Undergrad: 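Just dropping this structure here.
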Amino acid sequence: MKNKTTLNVVKNIFKVIVTFGALYWVAHKIDFKDLKNALVDCNWGFLFLALCTYTLSILIASSRLNSFFKAIQLKLSERYNLRLYQLGLLYNFFLPGGIGGDGYKIYFLKKNHNVSGRKILSAVFFDRLSGLWALAIIICALVIFMPRLAIPNTLPISVAVIGTASYYFFLHLLFRSFSKKFISTHIKALAVQSFQVITAILILYSLNFDEKFSPYLLIFLVSSLVAIVPSIGGGVGLRELVMIYGANYFQIDEHTAVLVSLFFYIISLLVACSGIYYIFRPQRLGADRLPSVAEVEKEIDKETLDENNL
C-alpha cells in the first residue's frame, strides 16, 4: 500500500512537471501583446455559438457513453447519465490524484448499481476508443483535402477502411455486446468530433479569420491526442504546445493557432464547471453525499491488492 501511495505521488509530480514545462515553453514562443489585441478584437457572437456547438457535442458524448452502458445491461436514464457525465468532466480538470473523471464514474456506478467494475471499465474504455476512432476518421478526411501534404488519397482512405474493419472485427470477436451497438455508438462518436471541429471553425471566425481552415483544423485534431499524456488541468499547455509545432510545420500563424486552442480550453472548462452543482446537490445523483477522492483511491488500491493475491 505504501508503494502504491509513493507511485501516485511520483505520477502527480510528473503531471505537474509536464504541464508547467509545456506552459513555460509556450509562454516563450508567443507574443502576449498580439494575443491581447486578438482577444480585444474578437467576435463574441461567434464565441457564443462555439460554446453552443461544444455543449451539443457533450450532450451527444454523454448519450454515446450511455449506449455503451446499456450494452452491459446498466440501465441509466439519459438525464441521470448526463449529470454523472458533467461531474466526470469537472473531475477531469480538477480532481487530485491519478483517478480522473472516468475512474470516479466507474467507482460511483459500481457502488450504486449492481454491475461489476470490470464491465463498467470496459464500457468507459470502448467509449473512449470510439472517440479516438472518430478522431482518426476525420483526420484522414482532412488529409485528403490537403494536397500540400503530398499524401496519395489512397493512403488515408485505406487507413480508414482497414482500420475500421479491423476495429470492428476485434469488437465482434471479443466484445460482441458492444459490437451490436457499433453503428449507433460510432455515428454518435463522429457527431461528437464533428461538432467539436465546428466549434474550432467558429472560434476561427470569432478571430476574424478568412484564410484556409484545413491546416488549423488538422493540428487542432492532432492536438486532441495529448489527452493521453498524463497532465493536470485537462491538458492545458500540452495542446498549445502541439498547436505551435503544427503551426511551424505548416507555416501558419502561431498566435491564431494558440488562440484557437486557448478558447477551446476555456469553453470546455466552462461546460465542465456545470458539474459543480452536483457536488453541492449529490441528491440529484441519488446519493446523500459524493465519495471522497481518498475513498475512491482506497477502493482502487484494494482491488489491485485483491487481483495480485489471486
Side-chain angles (χ1 to χ4, degrees), residues 50 53-54 56-57 60-61 63-65 67-68 71 122 125-205 209-229 235 238-254 256-258 260-261 264:
T53 54
Y54 179 79
L56 187 55
S57 79
I60 300 171
S63 177
R64 180 189 66 192
L65 177 58
S67 295
F68 281 103
S122 65
F125 171 77
F126 282 109
D127 173 70
R128 289 285 188 172
L129 192 59
S130 70
L132 286 175
W133 169 84
L135 191 65
I137 293 297
I138 295 178
I139 287 175
C140 286
L142 271 175
V143 167
I144 293 173
F145 293 100
M146 293 183 65
R148 65 186 296 180
L149 293 175
I151 297 175
N153 289 347
T154 52
L155 182 58
I157 293 174
S158 298
V159 168
V161 172
I162 295 173
T164 300
S166 302
Y167 172 37
Y168 177 77
F169 177 76
F170 170 75
L171 269 181
H172 184 72
L173 187 65
L174 300 176
F175 299 91
R176 191 158 295 186
S177 61
F178 295 134
S179 69
K180 291 178 181 179
K181 292 184 175 291
F182 184 86
I183 293 178
S184 62
T185 53
H186 289 72
I187 286 176
K188 290 177 182 179
L190 281 173
V192 170
Q193 295 299 339
S194 297
F195 275 110
Q196 294 196 3
V197 168
I198 293 172
T199 300
I201 291 172
L202 288 168
I203 291 173
L204 283 168
Y205 274 128
F209 183 81
D210 58 0
E211 299 176 30
K212 287 187 177 181
F213 288 159
S214 51
Y216 291 93
L217 297 180
L218 181 60
I219 59 176
F220 168 77
L221 290 170
V222 172
S223 73
S224 300
L225 297 174
V226 301
I228 300 171
V229 180
L238 294 179
R239 186 190 287 267
E240 289 73 26
L241 187 64
V242 174
M243 294 293 281
I244 288 178
Y245 271 118
N248 287 331
Y249 178 81
F250 287 110
Q251 296 182 333
I252 56 179
D253 186 59
E254 286 184 354
T256 300
V258 170
V260 170
S261 180
F264 188 86

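Because the structure is predicted, anything quoted here is derived from the model rather than measured.
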Undergrad: Counting only heavy atoms not in F250 (residues, nucleotides, ligands), do more than 12 fall under 6.0 Å from its CZ?
TA: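 Above 12, so yes.
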Undergrad: Give a yes or no on whether the ring-centroid distance for F170 and F178 is below 6.0 angstrom.
TA: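 No, the ring of F170 stays outside the 6.0 Å limit from the ring of F178, centre to centre.
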Undergrad: State, to 0.1 Å, how close S130 and A189 come at their nearest heavy-atom pair, and which atoms those are.
TA: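 Minimum heavy-atom separation between S130 and A189: O-CB, 3.5 Å.
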Undergrad: Would you mind listing every side chain to side chain donor-acceptor pair (under 3.5 Å) that reaches into residues 141-165, with sequence neighbours excluded?
TA: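 Qualifying pairs, neighbours excluded: W133-T164.
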Undergrad: Is it the case that the side chain of Y245 and the backbone of I219 share a donor-acceptor pair, with hydrogens and angles ignored and the cut-off at 3.5 Å?
TA: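 Side chain of Y245 to backbone of I219: no pair is present.
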Undergrad: What closest approach, in Å, do P215 and I252 show between heavy atoms, and which atom pair accounts for it?
TA: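 Closest approach of P215 to I252, heavy atoms only: CB-CD1, 4.0 Å.
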Undergrad: Do other residues, nucleotides or ligands put more than 12 heavy atoms under 6.0 Å from the CZ atom of F195?
TA: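 It does not: F195 CZ has 12 such atoms or fewer within range.
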Undergrad: Could you tell me the separation between the OG atom of S179 and the CZ atom of F175, rounded to the nearest 0.5 Å?
TA: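 Answer rounded to 0.5 Å: 11.0 Å.
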Undergrad: To the nearest 0.5 Å, what is the distance between SG on C140 and CD1 on I151?
TA: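 With rounding to 0.5 Å, SG (C140) is 9.5 Å from CD1 (I151).
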Undergrad: Could you grab the distance from atom CD1 of I201 to atom CG of L217, nearest 0.5 Å is fine?
TA: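 So the CD1 of I201 and the CG of L217 are separated by 5.0 Å.
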Undergrad: Are F126 and L171 close enough, and set up right, to give a side chain to side chain contact (heavy atoms under 4.5 Å, CB included), and what steps lead you there?
TA: CA-CA 9 Å; F126 282 109; L171 269 181; 3.5 Å; yes
Undergrad: Which residue pairs pass the side chain to side chain donor-acceptor pair (under 3.5 Å) test when at least one of the two sits in residues 184-198, sequence neighbours left out?
TA: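 Qualifying pairs: S57-Q196, S63-K188, S67-K188, Y167-H186.
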Undergrad: Tell me the closest heavy-atom pair linking V143 and P156, and the distance in Å.
TA: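 V143 and P156 have their closest heavy atoms at CG1-CG, 4.1 Å.
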Undergrad: Under the rule for side chain to side chain contact (heavy atoms under 4.5 Å, CB included), what residues qualify as partners of V161, not counting sequence neighbours?
TA: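 Scan of V161 (side chain to side chain contact (heavy atoms under 4.5 Å, CB included), adjacent residues dropped) gives I157.
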Undergrad: If the condition is side-chain hydrogen bond (donor to acceptor under 3.5 Å, both in side chains), which residues does T53 pass it with, not counting sequence neighbours?
TA: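 Result, side-chain hydrogen bond (donor to acceptor under 3.5 Å, both in side chains) vs T53: T199.
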Undergrad: Between CG of L221 and OH of Y216, what distance do you get to the nearest 0.5 Å?
TA: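 Rounded to the nearest 0.5 Å, the CG-OH separation comes to 15.0 Å.
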Undergrad: For Y54, give me all partners under ring-ring contact (aromatic ring centres under 6.0 Å, His included), at least two apart in sequence or on another chain.
TA: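 Counting only residues at least two positions away or on another chain, Y54 forms a ring-ring contact (aromatic ring centres under 6.0 Å, His included) with F264.
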Undergrad: Would you mind reporting whether F209 and I203 have side-chain heavy atoms less than 4.5 Å apart?
TA: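 No, side chains not in contact.
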Undergrad: Using a 6.0 Å cut-off, check whether atom CG of L173 has over 12 heavy atoms from anything other than its own residue.
TA: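 More than 12 heavy atoms, drawn from other residues, nucleotides or ligands, come within 6.0 Å of this atom.
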Undergrad: Could you label the plane-to-plane angle of the Y168 and F182 rings as parallel, tilted or perpendicular, counting under 30° as parallel and over 60° as perpendicular?
TA: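 Because their plane-to-plane angle is over 60°, the rings of Y168 and F182 count as perpendicular.
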Undergrad: Find the distance between NZ (K181) and CD1 (I183) and round it off to the nearest 0.5 Å.
TA: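 Reported to 0.5 Å precision, the distance equals 12.0 Å.
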Undergrad: Listed by chain and number, what are the salt bridge (Lys or Arg N to Asp or Glu O under 4.0 Å) partners of D127, not counting sequence neighbours?
TA: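 R64.
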